[in-house]
Amino acid sequence: MADRPALLPAYLIVGPDELKRKQALARLRARVDGPFSAFNLEELTASGDMDDVSVLASLNTLPMGGDRRVVVIESAEKLPKAVSEAIVGYLANPNESCTLALVATTLAKTTRLYKAVAKVGPRTVIECAAKKGRDLPPYVQKLASAHGVQIAADAARELVARVGESTTMLDTQLATLAALLGGAGTITRPFVEANVARVAEVKPWEFLDRLSERDAHRALALHRLLDGSALGLLSLVTGRLRELVCARSLDARGQAQAVASELKKQDWQVRNYVRWSRGFAPGELERLLGECAAAERALKSGADEGSVMVRLISHVCGVA
């Protein structure tokens, strides 16, 4: 097995992705082994009463029975100024047999502490940037393989919709689902729906996408979970239908690639618009816009909001 690279005197593990931070820390902890591992690994959490003298003493302590000592300081963004300044001074001439791991959700690059760690070496700052919403389902599919299972693309999207964007929560749920499958096989969307409770707030775009797919079952289920006024939601539905009219019109003229620029959106935001628009019969989208106008008049006249919206959603999804 190839030799592992030597550890540097300091690292900054920074970013909102909790799972990435945990994985980076796990790799560092794994470098401290042997009978004296409990002595050679010290884990602290920054707080207002943290003492700079004791922190420096810990950093300057030599390892016992090994060649490396690791000191972890969680919540480094909360370090008292005196401790932070002491660490900056320490990093100018660090203990070469000790590795300091500062862990922070955020730490500005302009701070003296960030600059001091970055100066130690070219790979000392380990960025743990959060995944964007559109990147999470593919990431979930990669996480699933670490648990010995696969997860279908639509199941990955459903898991993100139910759990939210916390990578730690997503990984925990994947571990549970993998165990339910017996450690092998493929996680499907029905399996996710049956075994994962929704804890994340429903996003309006999630509802609109299911509506555009004409998935009546999921669109109606998400509608029941949405907050906000019926008129506000109706405005979003009307806007989406108009966008689909535009997408279909451009598609008919052979200009489908212009949908994003015409709607002033990013390509990834409209990547399914043409496909969705093709799921409606000629003239159907325009007719549905007429129904939206009728629904608005009904709501403003005091009609039951639930009944009006359920009927409109059903019609958009092609359910009589």
Side-chain angles (χ1 to χ4, degrees), residues 2 4-33 37 41-47 68 70-79 84 87 91 98-111 113-151 153 155-179 187 192 196 199-201 203 268:
R4 293 181 296 184
L7 291 178
L8 296 172
Y11 294 94
L12 171 61
I13 302 170
V14 60
D17 192 319
E18 184 181 5
L19 182 60
K20 285 184 181 177
R21 297 200 309 268
K22 287 183 175 181
Q23 290 171 337
L25 264 182
R27 291 192 293 271
L28 281 178
R29 291 190 183 102
R31 300 293 291 271
V32 182
D33 48 23
S37 58
L41 174 64
E42 185 168 359
E43 303 194 59
L44 309 170
T45 300
S47 63
R68 177 61 50 179
V70 172
V71 176
V72 176
I73 301 181
E74 298 264 13
S75 303
E77 67 271 31
K78 298 178 182 179
L79 281 169
S84 179
I87 292 174
L91 291 176
C98 179
T99 291
L100 167 64
L102 296 169
V103 186
T105 302
T106 180
L107 190 67
K109 294 181 180 180
T110 55
T111 60
L113 184 58
Y114 188 106
K115 291 178 179 179
V117 178
K119 193 175 180 181
V120 171
R123 298 180 304 279
T124 52
V125 177
I126 301 173
E127 296 283 356
C128 301
K131 290 283 184 184
K132 295 181 179 179
R134 66 182 183 274
D135 297 326
L136 276 170
Y139 181 61
V140 165
Q141 290 182 291
K142 291 181 181 179
L143 287 177
S145 64
H147 297 286
V149 297
Q150 295 178 315
I151 182 168
R157 290 193 296 270
E158 183 66 24
L159 185 63
V160 172
R162 287 172 176 263
V163 175
E165 298 184 353
S166 166
T167 50
T168 298
M169 288 286 290
L170 288 168
D171 191 57
T172 299
Q173 286 290 349
L174 283 169
T176 300
L177 293 172
I187 298 170
V192 171
V196 179
V199 295
E201 180 182 347
K203 305 291 194 304
W268 64 267

Nearest non-hydrogen partners of [X] and [Y], listed with the distance:
{"X": "Arg21", "Y": "Ala104", "value": "CD-O, 3.7 Å"}
{"X": "Glu77", "Y": "Thr106", "value": "CB-O, 3.2 Å"}
{"X": "Val71", "Y": "Cys98", "value": "CG2-SG, 3.8 Å"}
{"X": "Ser75", "Y": "Thr45", "value": "OG-CG2, 4.1 Å"}
{"X": "Ala155", "Y": "Val192", "value": "O-CG2, 3.9 Å"}
{"X": "Thr168", "Y": "Leu19", "value": "OG1-N, 3.4 Å"}

**Report entry** Chi angles and distances behind the side-chain contact (heavy atoms from CB on, under 4.5 Å) call for Glu42, Val72
**Finding:** CA-CA 6 Å; Glu42 185 168 359; Val72 176; over 6 Å; no
Approximate separation, where rounding is to 0.5 Å, of [X] [atom1] and [Y] [atom2]:
{"X": "Lys142", "Y": "Leu174", "atom1": "NZ", "atom2": "CG", "value": "14.0 Å"}
{"X": "Gln141", "Y": "Arg157", "atom1": "CD", "atom2": "CZ", "value": "8.5 Å"}
{"X": "Ile187", "Y": "Leu177", "atom1": "CD1", "atom2": "CG", "value": "4.5 Å"}
{"X": "Arg29", "Y": "Leu41", "atom1": "CZ", "atom2": "CG", "value": "6.5 Å"}
{"X": "Leu100", "Y": "Leu7", "atom1": "CG", "atom2": "CG", "value": "12.0 Å"}
{"X": "Ile13", "Y": "Arg27", "atom1": "CD1", "atom2": "CZ", "value": "8.0 Å"}

- Message: Between Lys20 (side chain only) and Ala129 (backbone N and O only), is there a donor and an acceptor less than 3.5 Å apart?
- Response: yes
*Does the Thr99 side chain pair with the main chain of Leu8, one donor and one acceptor, at a distance under 3.5 Å?*
yes
Exercise. Between Leu136 and Glu165, is a side-chain contact (heavy atoms from CB on, under 4.5 Å) present by the stated rule, with each step listed?
Worked result: CA-CA 7 Å; Leu136 276 170; Glu165 298 184 353; 3.5 Å; yes
Only one of Leu102, Leu44, Leu25 passes side-chain contact (heavy atoms from CB on, under 4.5 Å) with Glu74, and that residue is Leu25
Exactly one of Leu170, Val199, Val196 clears side-chain contact (heavy atoms from CB on, under 4.5 Å) with Arg162, and that residue is Val196
Query raised in the report: Is Lys203 atom NZ crowded by more than 12 heavy atoms from other residues, nucleotides or ligands, each under 6.0 Å away?
Result: yes
Open item on the list: For a 4.5 angstrom cut-off between non-hydrogen side-chain atoms, does Lys119 reach Leu91?
Closed with: no
Please assess Leu113 against Leu79 for the test side-chain contact (heavy atoms from CB on, under 4.5 Å), listing each intermediate value before the final yes or no. CA-CA 10 Å; Leu113 184 58; Leu79 281 169; 3.8 Å; yes
